[in-house]
There are 2 protein chains.
Amino acid sequence: MDAALQVLDAEGLDAVTMRRVAQALNTGPASLYAHVADKDEMVQLVFDRVLSEVEYPQQIDAERWDEQLKDVCRSVRAALGRHRDIARAGLGNIPTGEGALPGMNAIVGLILAGGVSERVASLSVDILGLYLTATAYEESLDSFPGSEKASEDFHVELQNFFISLPVEKYPYLHMLAGPLTDGDGDHRFEFGLDILVRGIASTVQADGRPTGVS
Amino acid sequence: MDAALQVLDAEGLDAVTMRRVAQALNTGPASLYAHVADKDEMVQLVFDRVLSEVEYPQQIDAERWDEQLKDVCRSVRAALGRHRDIARAGLGNIPTGEGALPGMNAIVGLILAGGVSERVASLSVDILGLYLTATAYEESLDSFPGSEKASEDFHVELQNFFISLPVEKYPYLHMLAGPLTDGDGDHRFEFGLDILVRGIASTVQADGRPTGVS
DNA sequence: ACCTGAACACCGTTCAAGT
DNA sequence: ACCTGAACACCGTTCAAGT
């Protein structure tokens with residue numbers, strides 16, 4: 001597992017193959033099958049390990065549940081961001097490993113502390129997880145493929161493309177050419193996080209009783 | 001391109017390889033490089049083609065911008081859902097193909113019709129795209145790998161896992177074992193969509209002037 | 001401009017055989 | 001229980017050669 005994480009951090013998720021990891025262990029790929037069912041399980045274990053880095057409050061403060069919730073989410077983003085494009089491995093899965101459970105338990109607890117129903121809490125944790133892995137994955141694509149230079153060039157190119165679009169055919173895309181390609185990652189993340197957390201909160205009326213939403 | 005789409009629909013995205021597509025064309029893999037730079041470009045073209053199936057209103061009705069916006073989003077989900085796990089190909093990319101642009105232009109227009117700033121509109125279209133591709137991808141994993149039976153078994157298994165969790169260690173996960181694994185896809189999708197669209201709308205005050213959000 | 005066969009450098013996984 | 005070498009059935013991509 002340490003070996004797999006090392007390969008991931010050094011070369012990215014695509015390099016985390018049975019053969020590459022085995023090589024880092026000075027052995028052959030077949031040997032790994034004594035410890036792991038298949039490649040997917042290996043990658044899932046790495047993902048779980050990364051999630052174990054997530055920090056969460058030991059105590060839930062119901063008054064500040066939304067800020068605490070956001071902090072856990074920021075910690076998830078930070079953990080994923082520290083390990084290349086590992087977020088890709090989390091896209092289709094509900095993580096059930098030892099590393100992920102404490103953080104997930106905290107997130108569920110914080111959402112419930114917001115006063116929402118169990119149903120809404122379940123849907124919320126789902127969509128929040130989706131948001132965290134998907135944004136982390138997108139950001140990882142920006143940071144690595146080439147140098148930072150390449151990604152900046154790509155930005156300019158994309159903006160030029162939108163500007164070049166025929167105004168009569170795509171008026172709105174043309175209009176937003178600037179802001180659409182303006183990428184401050186931290187800010188984007190906070191915007192989405194704020195919308196989601198406020199959306200979850202808006203599901204509860206001022207008196208603390210759940211609204212009829214969904 | 002037709003051949004690639006056929007392979008996708010019949011066997012899923014993993015089967016869309018240079019070799020498989022070439023075979024469907026009764027030729028060798030090297031021949032494809034006369035029409036396409038690499039595999040990624042080929043898959044991206046397929047993705048763009050799928051997005052061309054998206055339906056959008058010819059005329060924006062500013063009064064009903066949110067319902068119109070939701071309808072376009074539903075159409076994106078439907079289009080992606082018709083083509084296996086193609087959504088995976090859309091995860092890290094801003095689509096710039098002929099097929100995707102009209103729908104994207106409509107989405108941007110509808111968000112702007114909601115009265116938000118250009119900045120917020122850009123962030124919103126971004127997060128909405130993230131949500132659409134990520135949910136479509138997750139749903140595609142549920143529908144295919146094995147039969148529907150297998151996915152139901154998996155559900156039960158997952159629920160049992162959460163129930164089996166030690167209550168003192170993971171109280172909230174244990175509590176939500178039921179709803180957390182209760183998957184009505186349509187309903188989940190609508191819940192998230194509603195939160196996002198309301199979140200975007202909440203960025204504008206009642207008088208139509210943008211709030212100071214983000 | 002388009003196509004081809006052959007090759008290169010990789011994959012995940014299996015399996016008989018060993019300790 | 002753990003490891004190994006060799007093999008199988010695949011990959012994407014390149015390249016010289018053809019039309």
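So you know, we letter chains A, B, ... as the sequences are listed, proteins then strands, and number each from 1.
A donor-acceptor contact closer than 3.5 angstrom links the side chains of A/H187 and B/R119.
To the nearest angstrom, P of C/dG18 lies 23 Å from OH of A/Y33. Between B/D40 atom CG and D/dC11 atom C1' there is a gap of 15 Å when expressed in whole angstrom units. Put simply, CG on A/D14 is 14 Å from P on C/dC10, counting in whole angstrom units. Going from atom CE of A/M18 over to atom C1' of D/dA9 covers 17 Å, rounded to whole Å. The separation between B/D38 atom CG and D/dC11 atom P is 17 Å, rounded to whole Å. A/L32 has its CG atom 12 Å from the C1' atom of D/dT4, to the nearest Å. The interatomic distance linking B/R20 (CZ) with D/dC11 (C1') rounds to 14 Å, in whole Å. D/dC3 atom P lies 13 Å from atom CG of A/N26, rounded to whole Å.
Remark: B/R74 engages B/E190 in a salt bridge, criterion side-chain N to carboxylate O under 4.0 Å. A salt bridge is defined here as a Lys NZ or Arg NE, NH1 or NH2 lying under 4.0 Å from an Asp or Glu carboxylate O, and A/D14 with A/R84 fails to meet this definition.
Among the nucleotides D/dT13, D/dC15, D/dA7, the one closest to any side-chain atom of B/R19 is D/dT13. Listed candidates were D/dT4, C/dC11, C/dT4. Nearest to the side chain of B/S31 is C/dT4. Minimum atom distance to the side chain of A/A30 is reached by C/dT14, of the listed D/dC11, D/dT14, C/dT14. Of the candidate nucleotides C/dT13, D/dT13, C/dC11, C/dC11 has the atom nearest to the side chain of A/T17.
Residue B/H35 has a polar side-chain atom (N or O) positioned under 4.0 Å from OP1 or OP2 of C/dC3. For the pair A/T27 and D/dC3, the criterion of a side-chain N or O lying under 4.0 Å from OP1 or OP2 is not met.
Looking at B/S75, its side chain does come within 3.5 Å of a backbone N or O of B/E55 through a donor-acceptor pair.
Remark: the separation of the P atoms in C/dA9 and D/dA9 is 22 Å, to the nearest Å.
In this structure, the ring of B/Y131 has its center less than 6.0 angstrom from the ring center of B/F189.
Applying the Watson-Crick and G-U wobble criteria (two distances, each under 3.5 Å), D/dG5 pairs with C/dC15.
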